[in-house]
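The structure appears right after this line, and notes come after that.
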Amino acid sequence: MKTERRKNARLSITELAALIESDIKSRRLSTGDPYLGLSETARMLKTSNAGANSALQLLVKKGVLERKQRRGTFISDPGNENAQMIRRVHFLLSEDFLKKEGVLADGQVIGIQSELSRAEIQFNFLPQHDQREYVEKTVTEALSTDGLDAFVLYSTSLDAQRILVESGLPTVVVGSLYPSVTELPWIDQDQKAVAQMSFEHLHLEKQCQQFLVLMRERAYPGDFLYLDSLQECFSKNNISQENIFYRSLPSDHSAIQAEVSRLLPRFQSTIGIIARSMPLGIAAKASLDSVTYRLQNNVFVMVTNVFGKERDELRDFSYIRPQPTPEEVGIYIGKVLKQFVLDGFSGNTAWQVPVKLIPAQQ
């Protein structure tokens, strides 16, 4: 008995909630029937009162149960759309990432709002450190307030993805999932296509023979998918490793510019600079202040991740962006969040967004 209790104590909120739903079905309880009290539920689940309470609260938000003050917990009306309505959507992202890379376009918010017209949009900017504590606090508050909250994660940590899996709250990850996380729906650019477009444009069209690949200081799962595909392109086209330089750099203009300037003298032929983000691309362009290196002459810059609005800085180099509009992406996210609720919080969908290449205008 103690072993089983310890085992159930390690179950996530979602798993405990699923056990309660199985209990409801096995006892054939219907709308209006009373359900177990907190202590009874904890004993049935063989877990703590805190764990049982979180699972009960999740099912209240889902619309399976309803709690009536001083009366207890009852089986809710499955047709009660109001009980399952998403009241608030949290965007979890880095404020610095938003400002410098524009990962969240206004159109996405409009698209989500068109699908979830009654939902309040709330931005939750992640701290540079202790993200786990911040995300846990945000999720705990979401579970303890009235109404059902949903989450959209932009370039967040592994901890954030795991916490949202365990919470059972409707969630969409914008970006790829980390290894071991499989229970969340996600949306990301087709990273293999991004790599192939980058390489073919620079090598086949611009005749680049040497490459400088600039990556962000912090890598995310999609970055590894991209790098694997890019390396495959290099190998298939017999680009030797001595003609490829890789650098992971902070999003600091001076630091990027200094490193690119230091590396340029090592190149002996037409250079293809592949920048994983817009700040990397802009700083790389700024480093080309020598008469020896001229943009669109013997140096070509490609940015592989551009989101949001078109910017004047993008005119001087080629870049890749999603084919769907930001609003279309937002509509998709809103639909997935609604489906997440209807499917019992079992997110299992993914969208590899098709991309397009925008050539330099000068």
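Owing to the predicted nature of the structure, the values given are computational and were not obtained by experimental measurement. In this chain, residues are counted from 1 in sequence order.
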Distance check, rounded to the nearest 0.5 Å: Leu126 atom CG versus Tyr154 atom OH? 12.5 Å
Any non-hydrogen side-chain atom of Gln241 less than 4.5 Å from a side-chain atom of Gln231? yes
How long is the span from the OG1 atom in Thr304 to the CG atom in Leu280, to the nearest 0.5 Å? 9.0 Å
In sequence, state the C-alpha distance, the side-chain angles, and the governing distance for Gln352 and Gln191, and then conclude on side-chain contact (heavy atoms from CB on, under 4.5 Å). CA-CA 8 Å; Gln352 289 195 23; Gln191 298 297 344; over 6 Å; no
Check side chain to side chain donor-acceptor pair (under 3.5 Å) between Glu136 and all other residues, then give those that pass, not counting sequence neighbours. Arg132
Side chain to side chain, Tyr35 and Thr41, heavy atoms closer than 4.5 Å: yes
Of all residues at least two apart in sequence or in a different chain, which pass the side-chain contact (heavy atoms from CB on, under 4.5 Å) check with Arg262? Arg247, Glu259, Arg266
Once side chain to side chain donor-acceptor pair (under 3.5 Å) is applied, do any residues pair with Ser180, and if so which ones, sequence neighbours excluded? Arg162
Would you kindly confirm whether Val303 and Leu288 end up in one hydrophobic cluster when ILVMFWY residues are joined by side chain heavy atoms under 4.5 Å apart? yes
What pairs with Tyr332 under ring pair (Phe, Tyr, Trp, His ring centres under 6.0 Å), at least two apart in sequence or on another chain? Trp351
Is there side-chain contact between Ile358 and Arg321, with heavy atoms separated by less than 4.5 Å? yes
Identify, with sequence neighbours excluded, every residue that meets salt bridge (charged side-chain N to carboxylate O under 4.0 Å, His left out) alongside Glu217. none
Lys236 meets the side chain to side chain donor-acceptor pair (under 3.5 Å) criterion, sequence neighbours left out, with Glu232
Using the side-chain contact (heavy atoms from CB on, under 4.5 Å) criterion, which residues pair with Glu205? Sequence neighbours excluded. His201
Not counting sequence neighbours, which residues clear side-chain contact (heavy atoms from CB on, under 4.5 Å) with Ser229? List them please. Lys192, Ala195
Should we count CD of Glu133 as having more than 12 external heavy atoms under 6.0 Å? no
Donor-acceptor under 3.5 Å (Asn53 side chain, Asn49 main chain): no
Could you tell me whether the side chain of Gln323 reaches within less than 4.5 Å of the side chain of Val353, counting heavy atoms only? no
Do Ser287 and Leu264 pass the side-chain contact (heavy atoms from CB on, under 4.5 Å) test, and can you show the C-alpha distance, the side-chain angles, and the key distance before you say yes or no? CA-CA 9 Å; Ser287 68; Leu264 284 174; 4.3 Å; yes
Would the distance check show the side chain of Ser117 and the main-chain N or O of Ser114 forming a donor-acceptor pair, the cut-off being under 3.5 Å? no
Does a side-chain N-to-carboxylate-O contact under 4.0 Å join Lys338 and Glu115? yes
Applying side-chain contact (heavy atoms from CB on, under 4.5 Å) to Tyr220 and Thr156, what does each step give before you reach the verdict? CA-CA 8 Å; Tyr220 294 94; Thr156 51; over 6 Å; no
Partner residues of Leu227 under the side-chain contact (heavy atoms from CB on, under 4.5 Å) criterion, sequence neighbours left out: Val213, Met215, Tyr246
Quick one: does Ile274's side chain get under 4.5 Å of Tyr226's, heavy atoms only? yes
Side chains of Ser176 and Asp188, donor plus acceptor under 3.5 Å: yes
Measure the spacing between CG of Leu184 and CG of Leu153 and express it to the nearest 0.5 Å. 7.0 Å
Please find the pair of heavy atoms, one from Ile333 and one from Gln108, that lie closest to each other, and give the distance. CD1-OE1, 4.0 Å
Non-hydrogen side-chain atoms of Gln122 and Phe91 separated by less than 4.5 Å: no
Under the rule for salt bridge (charged side-chain N to carboxylate O under 4.0 Å, His left out), what residues qualify as partners of Asp223, not counting sequence neighbours? Arg216, Arg276
Within-4.5 Å side-chain heavy-atom neighbours: Val172 and Leu337: yes
Within the structure provided, determine whether Phe151 and Val139 are in side-chain contact (heavy-atom separation under 4.5 Å). yes
side-chain contact (heavy atoms from CB on, under 4.5 Å) for Glu141 and Lys137? Distances and angles first, verdict last. CA-CA 6 Å; Glu141 290 175 353; Lys137 180 181 178 182; 3.3 Å; yes
Assess the residue pair Phe267 and Phe245 against the criterion (ring-ring contact (aromatic ring centres under 6.0 Å, His included)); give the C-alpha distance rounded to whole Å, side-chain angles, the decisive distance to 0.1 Å, and a yes or no. CA-CA 10 Å; Phe267 293 90; Phe245 293 83; 5.0 Å; yes
Heavy-atom donor-acceptor pair, Glu328 side chain to Thr325 backbone, under 3.5 Å: yes
Contacts of Asp23 that satisfy salt bridge (charged side-chain N to carboxylate O under 4.0 Å, His left out) - sequence neighbours left out: Arg27
For Gln189 and Asn305, test the side chains for any donor-to-acceptor distance below 3.5 angstrom and give the result as yes or no. yes
Passing candidate, side-chain contact (heavy atoms from CB on, under 4.5 Å) with Ile86, options Val341, Asp149, Leu169, Ile112: Val341
With sequence neighbours excluded, residues passing ring pair (Phe, Tyr, Trp, His ring centres under 6.0 Å) with His203: Phe199
